**Student:** 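To start, I am sharing the structure in question, which I have written as C-alpha cells.
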Amino acid sequence: LNHTVEQWSLTGVSVFFAILDLFLVYMMLTHRAKPVVRRSSPTFCVLQLFGNLMMVTGVIANVAEASYVSCGFSLAFWVMGFTIAYGCLFVKTWRVWKLFGNKTLERMVLPNWMLLSAVSGMLLID
C-alpha cells in the first residue's frame, strides 16, 4: 500500500480518538453508580461515544484503498455515527428544556425509552 504521510497521520489521529472513546466508555460503565454519572444519563453518554467511534471508524475506512465498499462504508458510518452522537445530545438537551421549562411545576417523567425511540426515529430517517 502506497499511503501518504497525510493518510498515515489521519489514521493515527483516528486510532487515538477511537482508543480515547473506548476508554471513556469504560470509565462511564465503571463509574455509572456514582451520583454525578447517574445524573448525566450514562445511557446517552455511552451511545454518544459509540456514535463518535462510528464516525472515527468511517474516517479510517476512508483512508483505505478506494472502492465502492470502502466509500459506502465510510459514508454510512459517518452519517449513522453523526446521527447517534448528535441525536443523543439533542434528546438530552430536549429533556432538560422540557423538565426545567415547565411553567406549571408539575412532576414530569421522561423515561429513557422515550428518548431512545426519538434517536431511533432519527436513524430511520437517515
Side-chain angles (χ1 to χ4, degrees):
L1 296 171
N2 190 13
H3 290 299
T4 63
V5 173
E6 292 86 10
Q7 289 172 319
W8 284 111
S9 300
L10 191 60
T11 302
V13 169
S14 298
V15 167
F16 169 76
F17 281 111
I19 292 169
L20 181 64
D21 281 339
L22 291 173
F23 174 73
L24 291 173
V25 167
Y26 170 76
M27 293 301 289
M28 287 295 295
L29 294 176
T30 303
H31 300 291
R32 69 178 171 258
K34 294 189 177 180
V36 171
V37 176
R38 263 189 305 153
R39 288 187 184 94
S40 70
S41 300
T43 303
F44 293 102
C45 290
V46 169
L47 277 174
Q48 187 175 7
L49 289 168
F50 178 70
N52 292 342
L53 186 63
M54 286 180 70
M55 287 190 285
V56 168
T57 305
V59 171
I60 293 171
N62 199 29
V63 173
E65 194 70 32
S67 70
Y68 288 114
V69 174
S70 67
C71 289
F73 179 79
S74 66
L75 182 62
F77 265 53
W78 281 345
V79 170
M80 289 189 307
F82 184 85
T83 301
I84 292 171
Y86 284 95
C88 289
L89 188 63
F90 171 72
V91 296
K92 281 176 61 173
T93 304
W94 180 78
R95 175 191 271 173
V96 170
W97 174 76
K98 196 74 169 162
L99 293 175
F100 290 105
N102 186 2
K103 302 273 189 236
T104 60
L105 298 177
E106 64 187 40
R107 183 169 167 82
M108 189 179 283
V109 177
L110 295 171
N112 281 346
W113 67 265
M114 185 184 296
L115 301 178
L116 284 172
S117 65
V119 175
S120 299
M122 291 177 202
L123 274 174
L124 285 175
I125 291 172
D126 279 347

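Any value given below was found using the heavy atoms of this structure, including those in side chains, with hydrogens, waters and symmetry copies removed. Keep in mind that what you see is a predicted model, and the values were worked out from it rather than measured.
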**Student:** Look at the side-chain heavy atoms of Ile, Leu, Val, Met, Phe, Trp and Tyr, link any pair under 4.5 Å apart, and say whether F90 and W113 land in one connected group.
**Tutor:** yes
**Student:** Using the rule that two of Ile, Leu, Val, Met, Phe, Trp, Tyr join whenever any of their side-chain heavy atoms come within less than 4.5 Å, decide whether V37 and L20 are in one cluster.
**Tutor:** yes
**Student:** Atom CZ in R38, atom OG1 in T43: separation rounded to 0.5 Å?
**Tutor:** 12.5 Å
**Student:** Please collect all ring pair (Phe, Tyr, Trp, His ring centres under 6.0 Å) contacts where either partner lies in residues 58-83, sequence neighbours excluded, each pair once.
**Tutor:** F73-F77, F82-Y86
**Student:** For the residue pair S117 and V119, establish whether any side-chain heavy-atom pair is separated by less than 4.5 Å.
**Tutor:** no
**Student:** Would a single hydrophobic cluster contain both L22 and V46, if residues Ile, Leu, Val, Met, Phe, Trp and Tyr are joined by side-chain heavy-atom contacts under 4.5 Å?
**Tutor:** no
**Student:** Is there a side-chain contact between T11 and V59, using heavy atoms and a 4.5 Å cut-off?
**Tutor:** no
**Student:** At their closest point, which heavy atom of G58 faces which heavy atom of S74, and how far apart are they?
**Tutor:** O-CB, 3.1 Å
**Student:** Please say yes or no: joined through hydrophobic side-chain contacts below 4.5 Å, possibly via intermediate residues, are M114 and L116 part of one cluster?
**Tutor:** yes
**Student:** Write out all pairs satisfying ring pair (Phe, Tyr, Trp, His ring centres under 6.0 Å) with one or both partners inside residues 11-53, taking only residues at least two apart or from two chains.
**Tutor:** none
**Student:** With the side chain counted from C-beta on, respond yes when V36 and K34 share a heavy-atom pair under 4.5 Å apart, and no when they do not.
**Tutor:** no
**Student:** Can you tell me if K92 uses its side chain to pair, donor with acceptor, with the backbone of S40 under 3.5 Å?
**Tutor:** yes
**Student:** Go through the structure and list residues passing side chain to side chain contact (heavy atoms under 4.5 Å, CB included) with I60, not counting sequence neighbours.
**Tutor:** S14, V15, V56
**Student:** Taking the side chain from R32 and the backbone from P42, do they hold a donor-acceptor pair closer than 3.5 Å?
**Tutor:** no
**Student:** If you measure from CE on M27 to CG on L29, what distance do you get to the nearest 0.5 Å?
**Tutor:** 10.5 Å
**Student:** Using 0.5 Å steps for rounding, measure from the CD1 atom of I125 to the OG atom of S120.
**Tutor:** 11.0 Å
**Student:** Hey, could you give me the OG1/NZ distance between T93 and K98, rounded to the nearest 0.5 Å?
**Tutor:** 14.5 Å
**Student:** Do V13 and I19 land in one hydrophobic cluster if side-chain heavy atoms of ILVMFWY residues count as linked below 4.5 Å?
**Tutor:** yes
**Student:** Using every non-hydrogen atom in the two residues, find where L47 and I84 come nearest and quote the distance to one decimal.
**Tutor:** O-CG2, 3.2 Å
**Student:** What closest approach, in Å, do A85 and M55 show between heavy atoms, and which atom pair accounts for it?
**Tutor:** CB-CE, 4.0 Å
**Student:** Quick check: closest heavy atoms across P111 and R95, and the distance to 0.1 Å?
**Tutor:** C-NH2, 3.7 Å
**Student:** Would you give the length of the straight line joining atom SG of C88 to atom CG of L115, rounded to the nearest 0.5 angstrom?
**Tutor:** 9.0 Å
**Student:** Are D126 and M80 packed together at the side-chain level, in the sense that at least one heavy-atom pair is separated by less than 4.5 angstrom?
**Tutor:** no
**Student:** In Å and rounded to the nearest 0.5 Å, what is the CD to CG distance from Q48 to D21?
**Tutor:** 9.5 Å
**Student:** Taking the side chain as everything from C-beta on, heavy atoms only, tell me whether V5 gets closer than 4.5 Å to S9.
**Tutor:** yes
